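Here the structure is a predicted model, which means the values were calculated and not measured. When a ligand or atom number is given, it counts from 1 through the structure's own listing order. Numbers for residues simply follow the sequence, beginning at 1.
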Amino acid sequence: MTIRAVVRGVGHYLPERVVPNSEFETSVDTSDEWIRTRTGIERRHFAAKGETTSDMGARAAQAALTDAGMTAEDIDAIIVATSTPDLTFPSAASMVQDKIGMRRGFAFDVQAVCAGFVFALANANALILSGQARRVIVIGAETFSRILDWDDRSTCVLFGDGAGALVLEAQEGTGTPADRGILATDLNSDGSYRDLLYVDGGVSTTGTAGHLRMQGNQVFRHAVEKLAATAHAALDKVGLTGADVDWIVPHQANLRIITATAQRMQVPMERVVVTVQDHGNTSAASIPLALSVGKARGQLKEGDLVVTEAIGGGLAWGSVVLRW
Ligand code: UT7
């Protein structure tokens, strides 16, 4: 008997405030044209004052529960992927657990920056396959607007806030790639690249939250090489190739990275879910946001083979292959 972690519901939340590229033209030396052509980003959402990562994560989780036809009482575990939790502790997941009224099970955070959702999905899959949980909510939620340096044009124009969530449930499968659910995962990190993308503050160093710092073109180079490699590694584990893929749902950092990865995987752009123009880079939230928007657009359909891939600070990168 093979157990699979199958997607039962998906949902997302975006804060109300939408900020177009043009808003940055008055504060830093940039242009709508530069941002669009170098990144594909046209606008992003920023959280309201007082609106937190767990607020957004809870809204996304509720939407995913509604989509699944379940309530918080049906859930065994919550995993939140975030690098911008409300507080140093407790976890954002504990706060989401309280906000959705879940009084049983367990909740914890995963921190792998932009690759966080992929790492969280792999953890949820492991919990389900090992029998420790039957139903898990996996959330990506971020308020990167709180760690941006508004004077640094090379980073402040790139990021946005938001949250997305999936409800996964154990289901018996046949053990073949025809099964619905998570089929393969591939996780990687290399801490020797830590200085390419980091936050210059933290509890045991400065005692402050700090600001995001990135050597963008170096990260870009790694992304183009490593994203296709991790996607191929995950597909290889179940004997599939790019030709079998119905949808790539990539981390949404830069349209040029998304396009280059699809090319390397020999998957046409018509089979790639792209939301970067509307959300910017929402770090760990970007993949579940894209899954939710992709379903709402009618792109993702039951039975489709979906590949998600992401890279970010660490460097940490990985991929999940699942049948929707
Ligand atoms: O999600 C986590 C992982 N992160 C990523 O995947 C991000 C990966 N990196 C990228 O997406 C791209 O590298 C960026 C969008 C960050 C930058 O694009 P790029 O084509 O790699 O540009 P660059 O950093 O090589 O900079 C090119 C030029 C520089 O000027 P000079 O030195 O050529 O005169 C920058 O100073 O563009 C300049 N520049 C800007 N100009 C206008 C940098 N930021 C801006 C800006 N507006 N906002």
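Looking at Val307, Val306, Ile182 one by one, the single match for side chain to side chain contact (heavy atoms under 4.5 Å, CB included) with Val321 turns out to be Val307.
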When you pair each N or O of ligand 1 with protein N or O atoms, which pairs come out under 3.5 Å?
residue  : atom   : partner : partner atom : Å
ligand 1 : 1 (O)  : His251  : NE2          : 2.8
ligand 1 : 1 (O)  : Asn281  : ND2          : 2.6
ligand 1 : 9 (N)  : Gly216  : O            : 3.0
ligand 1 : 11 (O) : Asn254  : ND2          : 2.7
ligand 1 : 13 (O) : Gly216  : O            : 3.0
ligand 1 : 13 (O) : Asn217  : N            : 3.4
ligand 1 : 18 (O) : Arg256  : NH2          : 3.4
ligand 1 : 20 (O) : Arg38   : NE           : 3.2
ligand 1 : 20 (O) : Arg38   : NH2          : 2.7
ligand 1 : 20 (O) : Arg256  : NH2          : 2.9
ligand 1 : 25 (O) : Asn217  : ND2          : 3.3
ligand 1 : 36 (O) : Arg153  : NH2          : 2.9
ligand 1 : 37 (O) : Trp34   : NE1          : 3.4
ligand 1 : 41 (N) : Trp34   : NE1          : 3.4
ligand 1 : 41 (N) : Arg153  : NH1          : 3.4
ligand 1 : 47 (N) : Thr30   : OG1          : 2.7
ligand 1 : 48 (N) : Thr30   : OG1          : 3.1
ligand 1 : 48 (N) : Arg153  : O            : 2.9

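In terms of modelled atom types and a separation under 3.5 Å, the side chain of Gln266 and the main chain of Ala243 share no donor-acceptor contact.
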What side-chain donor-acceptor pairs closer than 3.5 Å can you find for residues 114-136, not counting sequence neighbours?
residue : atom : partner : partner atom : Å
Asn123  : ND2  : Phe119  : O            : 2.9
Ser130  : OG   : Ala126  : O            : 2.9
Ser130  : OG   : Leu127  : O            : 3.2
Ser130  : OG   : Gln132  : NE2          : 2.9
Arg135  : NE   : Glu169  : OE2          : 2.6
Arg135  : NH1  : Asp74   : O            : 3.4
Arg135  : NH2  : Glu169  : OE2          : 2.9

Show me the donor-acceptor pairs, under 3.5 Å and distance only, between side chains in residues 215-222 and residues at least two apart or in other chains.
residue : atom : partner : partner atom : Å
Gln218  : OE1  : Arg221  : NH2          : 3.2
His222  : ND1  : Lys226  : NZ           : 2.9

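Within the structure, side-chain hydrogen bond (donor to acceptor under 3.5 Å, both in side chains) contacts touching residues 193-202 (residues at least two apart or in different chains) are Asp200-Arg213.
The aromatic rings of Trp150 and Phe24 sit parallel, their planes meeting at an angle under 30°, below the 60° perpendicular limit.
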